[in-house]
There are 2 protein chains.
Amino acid sequence: MTDFLTLYSPATVANMVCGFDVLGFALEAPCDTMHLRLTNQPGITIEHEDDFNLPTEPARNVAGAALLALLKAAPAGTGFEVRIRKAILPGSGIGSSAASAAGAVVGANRLLGSIFSREELVRFAMFGEEVASGARHADNIAPAIYGGVTLIRSVEPLDVVPLSAPPLHVTVVHPQIEVRTADARQMLKQQVPLKAAIRQWANVAGLVAGLLQADYQLIGRSLEDVIVEPVRSILIPGFAAVKARSLEAGALGGGISGSGPSIFMLSKDEPTAQAVAAAMRTVYEQLGVDFHIHVSTINPAGVQFKE
Amino acid sequence: MTDFLTLYSPATVANMVCGFDVLGFALEAPCDTMHLRLTNQPGITIEHEDDFNLPTEPARNVAGAALLALLKAAPAGTGFEVRIRKAILPGSGIGSSAASAAGAVVGANRLLGSIFSREELVRFAMFGEEVASGARHADNIAPAIYGGVTLIRSVEPLDVVPLSAPPLHVTVVHPQIEVRTADARQMLKQQVPLKAAIRQWANVAGLVAGLLQADYQLIGRSLEDVIVEPVRSILIPGFAAVKARSLEAGALGGGISGSGPSIFMLSKDEPTAQAVAAAMRTVYEQLGVDFHIHVSTINPAGVQFKE
């Protein structure tokens with residue numbers, strides 16, 4: 001593997017409660033490991049070093065579709081060989097497909113001498129998301145590539161706004177049930193009450209101000225979703241209990257990660273994030289639902305290369 | 001008038017395009033002038049030093065209703081005499097009623113030895129807004145009292161978030177037509193498409209980030225309203241032309257001030273704000289509509305006392 005570039009592509013949390021479809025952040029862990037190298041013949045070869053049986057045909061593979069989009073803008077004759085070892089479980093709601101797509105294009109760009117901007121890489125990687133969920137969204141892709149917390153102000157034209165944030169500790173619980181992104185999307189009403197929309201954008205404004213001004217209490221007060229969570233949380237067993245217990249344990253707030261089933265909570269410090277993890281564990285042990293828990297910080301760098 | 005406290009209460013711009021019902025900012029000019037003093041007998045006396053024929057009965061007067069709310073929390077036996085000279089035309093859409101209500105309670109609080117917090121003053125002043133428009137809203141009141149740009153994250157419980165902003169120059173044109181706030185409210189649909197709501201909160205997030213990060217271009221890109229402006233701007237003759245000409249003249253962006261009919265535009269510097277004023281003038285001269293124009297900066301202090 002000495003002639004391969006090795007990188008780590010992070011899990012991400014999209015939506016951030018009130019910021020449905022527009023906010024997201026990157027986690028330090030878990031991360032997928034990817035190896036990429038340039039090849040002599042054009043085209044893309046994908047191998048998996050894990051047991052998820054994901055497709056390897058480039059057009060049907062998330063990393064492959066992202067690289068095919070990149071190849072159209074790359075010098076003629078370019079080819080990549082990609083090996084992927086996923087640690088972010090597909091279907092967990094913490095940006096598994098985004099990690100594959102983001103890692104692939106960031107790695108490819110490095111191998112090509114960094115000829116593309118981060119915005120261009122986001123655009124390429126969105127083709128990977130389209131393969132995974134049918135929608136070319138960027139709310140996991142952008143934080144995976146930029147790191148930290150990102151705002152997608154607009155997809156067309158693409159406008160990614162990186163947002164500074166104070167130190168935050170994240171507890172994510174992934175109950176082992178399946179929620180398909182496409183199903184979770186279909187549950188949403190196409191019309192929402194204006195009153196609820198106003199309350200939502202007041203909270204989004206509060207959350208952005210809280211992040212940029214490092215005001216933890218304001219972040220906590222603003223983590224309220226009156227539009228999506230009331231509908232989607234029904235799909236997640238134990239959601240209300242996890243949320244109530246986490247707040248009791250000291251979390252600032254949190255909610256559904258992406259379209260679920262993972263639930264994330266933000267805390268001001270590591271001991272609180274661990275106490276939140278213990279509270280989540282209790283809920284799912286009592287419910288008899290298998291689960292994974294990750295305790296992490298926000299990853300400020302996004303995809304990282306092995307030195 | 002030597003025993004009167006004299007203060008200047010500023011005009012304010014509510015909504016700030018995408019931030020309908022939640023954002024607002026204070027202007028340096030125009031300002032109402034108010035004189036207040038404590039009286040020996042309890043209750044409120046109001047006199048007007050202008051020609052607007054506003055009611056003087058306290059319960060029907062905006063400043064009076066705000067002071068009646070304050071009196072309920074003040075020491076028994078307190079009374080105020082208030083003289084008001086309005087320079088902010090009632091019905092102009094730049095917070096005329098909010099200026100009366102905010103000035104009254106800020107002045108009264110100073111006379112009482114500053115016993116109330118700014119949030120309490122906002123709560124009292126909202127009773128004045130109720131007299132004026134039937135709704136106890138705070139998006140003009142808060143910037144008049146706090147100064148600068150404010151976010152009302154929540155009205156109940158009240159959560160006012162002051163937002164820092166880079167230097168901004170404001171051009172306001174007030175075409176001399178009548179738009180009643182209550183009518184403008186009734187035009188709005190009670191249900192909005194989820195897609196439009198998402199676009200709106202993406203822009204609100206972008207605007208808050210642009211203000212706090214002093215990113216003028218981001219402020220400009222985020223000044224887009226896909227929900228309220230398309231409906232309400234129909235009531236304002238020349239709206240589309242004013243907007244188009246102002247952007248051509250270099251404005252960052254802008255839109256309806258409050259519920260209109262005033263239109264405001266933000267610019268990075270004073271010469272641009274003057275060029276925008278010239279563009280607005282041309283539009284209304286061609287249309288044959290009388291108008292007033294104000295060129296101002298954002299007022300960082302809110303209500304100010306004469307020293």
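Chain naming here is simple, since letters A, B, ... match the order of the sequence lines and numbering starts at 1 in each.
Of the two parts of B:Q191, the backbone and the side chain both hold a non-hydrogen atom closer than 4.5 Å to a non-hydrogen atom of chain A. In this structure, chain A has no heavy atom under 4.5 Å from any part of B:P157. With a threshold of 4.5 angstrom between heavy atoms, B:L23 does not approach chain A through any atom at all.
How far CG of B:L194 is from CD of A:Q200: 9.0 Å, rounded to the nearest 0.5 Å. Considering CH2 of B:W201 and CG of A:L207, their distance stands at 13.0 Å, rounded to 0.5 Å.
For the residue pair B:A209 and A:L212, the shortest heavy atom distance occurs at CA-CD1, 3.6 Å. Contact between A:G206 and B:L151 at its shortest, heavy atoms only, is N-CD2, 3.5 Å.
Of the listed residues A:D159, A:V161, A:L163, A:D215, the one with more heavy-atom pairs under 4.5 angstrom with chain B than any other is A:D159. Considering only heavy-atom pairs separated by less than 4.5 Å from chain A, the leading option among B:V208, B:V192, B:N203 is B:V192. In terms of heavy-atom pairs under 4.5 angstrom with chain B, the leader among A:A197, A:G210, A:S222, A:P193 is A:P193.
Counting heavy atoms from C-beta on, the side chains of B:D21 and A:I198 come closer than 4.5 Å.
Side chain of A:R153 to backbone of B:R221: a donor-acceptor contact under 3.5 angstrom is found.
A 6.0 Å sphere centred on CZ of A:R123 holds more than 12 heavy atoms belonging to other residues, nucleotides or ligands.
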